[in-house]
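Note that the structure is a prediction, hence the values are computed from the model and not measured.
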Amino acid sequence: MSTHQLILKQRAELLSVLCGGGSAEPLDCVLDLLLAWEVLVWEDYLSIHVAEKALSYKVRQLLDVVYDKGEDACSLLLAAMNQVLPEEQKAGLCFGKECAEVGKNRPDTATLTLLADRPVLVRKLRDNIDGALKVLLTTGCFTIKDCDVVQLPVYTPSQQVRRLLDQVRFKGETAAKTLLQYLEQTETTRPNPEDKENHLSKKLQSSVAAQSHSLSTYGGTGHFSLDDIYTDGLLEVIDGSGETTTLGLEDVVGPVGTLNEDADTFLVSGEAGSGKSILLQRLHLLWAREALLTNTFLLFPFSCRKLNAEPRELSLKELLFLHCCWPDRGQDEVFQFILDHPNLVLFTFDGLDEFKQGFTDEERHCCPTKQVPIPVLLFNLLQGTLMKGVMKVVTSRPQAVGQSLKHYLRKEVLLKGFAPGGIDCFVRKHHSDPAMARRVLESLQANTVLLSLCHIPVFCWIVTKCHLELLGGQDGIPQTITDVYLLVLQHFFQRKSSQPQGVLGKAWLEEHLDTVLKLGQLALEGLGASCYVFSGYELQRIGLTEQDVSMGFLIYCNDLSVTDCKRYEFLHITLQCFFAALYVVLNRNSDRSVIYRLFQPQYKQLSGLSQRCLGHCIDSSVEGWESRVTETPNLQITAQFVSGLLSQRHHNLLLDCCPTAVRERKAKQVVKSLSKSMQRHFKSIPRPVEGEKKSMHAMPSFVWLIKCIYEMQDSSIAQDTMAKLDVEHLKLTYCNIGPVECTALAYVLKYLRNPVGLQLDHNSVGDVGVEQLLPCLHICHSLYLRNNNISDEGIRKLLEKGMKCERFQKIALFNNNLTDACTQHFAWLLKSKQNFLSLRLGNNNITSQGAEQLAEGLSYNQSLQFLGFWGNKIGDRGAEALADALKNSTTLIWLSLVDNGVGSAGACALAKLISQSKTLEELWLNKNSISREGVECLIEALKMNSSVKEVWLRGNNLSPEEEEELSKQESRLTF
């Protein structure tokens, strides 16, 4: 069969392979060869490569042009495609007889050389484009505008090179000669070895700075400079003793909070949307500007979601140079420099929770030149088996970091959303109009539920961008996360609306249902396969059109690797989860088991989430539906959205998108699944030890189920759930509880039948979270909020409510941000509530003035049994005030004034309390400034009081000899 006939017969297949991946690179490579072989002339090329035309148009035009040129041209086209296409895409195609080598005379001008050597020049220039532009600029061949046109960020590296070659050819012979001479010099010049590392460092700095400079949103319709928009998050680290310290960005890889001196990996963990990727982007930008990490010579940034898409086995050298930055020269010497100086190198890995495989240290690998699968390479880098000494900064959601990885962490930094004042700062940075920023902030302050959502940066971004819908919405203020994401869905469709002024009708979701379902299918399949980056081929397989993509939910995926294949990702992982949930809810043909599987506990998901379960809701031919630990958080977010979408609040919106009967069936499935999952938790509650309260130590999955119930906004479900919970103490420590979780907890816990002690120590409740807890305060007899970043304002609101709650009797607020201002509110509480039992205010910023204010309330109270002031600054004056106020107490059992700067004068005042108290059993005075005189006062008082069991005095102004002598005088003293 002639090549003419082959082109005609295989036209559809040839069109498919040149368009299928969504990348123009295969077509461009074929055009390069045809220009070099003189099959095409420049005019042909211009008629094919029309900028505004779709890729499919260009391929058809090429086939038509070559077909008209005859048999030889067709033969060379097939030869070019055979050379360019990968083996898997050539299967089933026939390329005819092998062509003889194309022979031609060397061109006699530089501009013709650019065409004749075009394929080779593209390869050579891709890693030298900065230098080429600099030479063309300094010689006057190019203007700054010419350089900017070449380096537009929408172009891939190879497209930039081709744009450069086209521009140089247009400029004429002088420019062409200058470019060719530059390339000749780069090949013949041998620079000093030490210059190569400097060159790579500068190239890395340039690449990283370019990638990190802008924060892109809405698929390119809006670009913000990171400098203009970046807002600090709240960074905390917990040391070995459990103490929490607040960090700045510069401390992420610093010594504060180090747990393992021998490890090299720093973990930044935070929930989805807390700002981990932006924080890393900021770190990169400041390094590139030499404003941070100044001791780091080379920084290599990686995205775990993009490493997922790497099918090849790679060596460390290939990983660094292919996925980050290819040295223009001396690759071997540069790599040897990296091996010899690991202390000067930093790797960053963003999104470990999005990596397909969970961390394992079972397969060891230490050879930097041996090719191994990407997971083996990554995991051995993190544990230090490979490239020991190189600092690694990793971001991840906490659920994906198991105990095996924690053994290899130098320290873990917790990112807890916005720092105090962050919401205000973020909104003002987003809105150049101060009046509009003020309106948005006022609307947030007027709705604490929405304000609580905005402590998570991604929600704040959505609310800020959708401010017009928020301020002028007729459907009420968003109450749930689902409400917020429906708002952003509406916002995106409204931008593209063809109606006057972009107004959407009431049936806006139904009008865009086709787009929503296609995006939903892509999202759900992606979650099942741990896929967050999609090729053009995958979009085409789903049926997504350019119009669908232009809505802005998918954005072009930029990275630092040399790949030219266009890839896409959802604006944020939570948006991918939202579209997956929309597909689960709106797809009429989904299997009944889909929802049940979404709500299975984690141990079920690990083995059961395969094609036979969640796979029923997608095309049965799709493979790879085998869940891993890292998918559990994403599936939980998806389940949360499913709960919200099936709420009665959204009945009218979904009315014409899916039959009512189908939605009602799915809603019943969700309710049943939530009920069963909660029952599993309740059945796991151990029987109380004799003499102790019945307690439930809830796991993070319990909080997730509570959030799902809240998303449904059905009080009967919450009521039924809490009717089955019978505990006296509910412990939720270290569960990443922020304001959003507090809203959900209060919504559900207020229906408890019996009072409960609620322990929320070591979370991120904050002032807004405290306010969100108020609806359930009436059912709490105790509230433990140690280490939660709470200020005086949060306490003011809490106590205003607490004074009206008869059952509220205990509070613990160790290690918050309290000052003297809070003590007037506690004084009023103690005056008003004569059944209040325990007040613990340790490790805050309370001075003698605060102690005096509190003493006023204590003097009226006849119920308090426990008073903790550990780690404040009340001094002698404060101790004297408290002792005087408590001397007539008939209930006080325990008093702690550890580490308060109390001297002998304060001790003598406390001695009077001891001598008069009939109930005091323990007095803690460690780490103060008490001398022998003060201790002798205490001894005299103890002689008159037999009820006191212990007085602790370790770490005071006493010599060992004095301690020994005094302890002999009074055995109840502990030194």
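The backbone N or O of Ala400 lies less than 3.5 Å from no partner atom in the side chain of Asp353, so there is not a single donor-acceptor pair. Without hydrogens or angle criteria, Arg282 side chain to Tyr230 main chain gives no donor-acceptor distance under 3.5 Å. Between the side chain of His781 and the main chain of Gly757, a donor-acceptor pair closer than 3.5 Å is present. Between the side chain of Asn956 and the main chain of Leu925, a donor-acceptor pair closer than 3.5 Å is present. Between the Asn872 side chain and the Asn900 main chain, no donor and acceptor come within less than 3.5 Å of each other. Looking only at distances, no side-chain donor or acceptor of Ser863 sits under 3.5 Å from a matching main-chain atom of Leu837. With Asp264 contributing its side chain and Gly384 its backbone, the two residues share no donor-acceptor pair below 3.5 Å. Using a distance-only test at 3.5 Å, with no hydrogens or angles considered, no donor-acceptor pair links the side chain of Ser848 to the main chain of Gly875. A donor-acceptor pair under 3.5 Å is formed between the side chain of Asp251 and the backbone N or O of Gly248.
Between Lys276 and Val268 the shortest heavy-atom distance is CD-O, 3.9 Å. Residues Ala883 and Ala909 approach most closely at CB-O, 3.5 Å, considering heavy atoms. The two residues Thr743 and Ser452 come nearest to each other via the heavy atoms OG1-OG, 3.3 Å. Of all heavy-atom pairs between Ala941 and Ala911, the closest is CB-O, 3.1 Å. Taking both residues in full, the closest heavy atoms of Leu897 and Leu910 are given as CD1-CD1, 3.9 Å, listed atom of the first, atom of the second, then distance. Considering every non-hydrogen atom in both Leu958 and Arg932, the closest pair reads CD2-N, 3.4 Å.
The environment of Phe682 atom CZ is dense: over 12 non-hydrogen atoms of other residues, nucleotides or ligands sit within 6.0 angstrom. For Glu950, the CD atom sits in a packed shell: over 12 heavy atoms of surrounding residues, nucleotides or ligands are nearer than 6.0 Å. For Trp828, the CH2 atom sits in a loose shell: 12 or fewer heavy atoms of surrounding residues, nucleotides or ligands are nearer than 6.0 Å. Heavy-atom neighbours of Lys388 NZ from other residues, nucleotides or ligands within 6.0 Å: above the threshold of 12.
Note: Tyr784 and His729 meet the aromatic proximity criterion, with ring centroids under 6.0 Å apart.
By the side chain to side chain donor-acceptor pair (under 3.5 Å) test, Glu880 is found to be paired with no residue, residues two or more places apart in sequence or in another chain being considered. Remark: Phe702 pairs with His681 by the ring-ring contact (aromatic ring centres under 6.0 Å, His included) rule, at least two apart or across chains.
Checking Asp262, Thr265, Asp361, Asn260 one by one against Tyr408, the side-chain hydrogen bond (donor to acceptor under 3.5 Å, both in side chains) holds for a single residue, Asp361. In summary, of the residues considered (Asn763, Asn816, Asp761, Asn815), a side-chain hydrogen bond (donor to acceptor under 3.5 Å, both in side chains) with Asn787 occurs for Asn815 alone.
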request  = Could you walk me through whether Lys831 and Glu856 pass the salt bridge (Lys or Arg N to Asp or Glu O under 4.0 Å) test, one step at a time?
outcome  = CA-CA 8 Å; Lys831 281 182 184 180; Glu856 185 182 346; 3.1 Å; yes

message = For a side chain to side chain contact (heavy atoms under 4.5 Å, CB included) check, start with the C-alpha distance between Leu973 and Leu942, then their side-chain angles and the critical distance, and finish with the verdict.
response = CA-CA 10 Å; Leu973 299 181; Leu942 286 167; 3.8 Å; yes

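Between the side chains of Ser269 and Glu412, at least one donor-acceptor pair of N or O atoms lies under 3.5 Å. At a cut-off of 3.5 Å, with distance as the only test, no side-chain donor of Asn845 or Thr819 sits close to an acceptor on the other residue. There is a side-chain donor-acceptor pair under 3.5 Å between Gln862 and Thr890.
Classification of Glu793 and Arg796 as a salt-bridged pair holds, one side-chain N sitting under 4.0 Å from a carboxylate O.
Every pair passing ring-ring contact (aromatic ring centres under 6.0 Å, His included) that includes a residue from residues 800-825 is listed here, sequence neighbours excluded: Phe808-Phe836.
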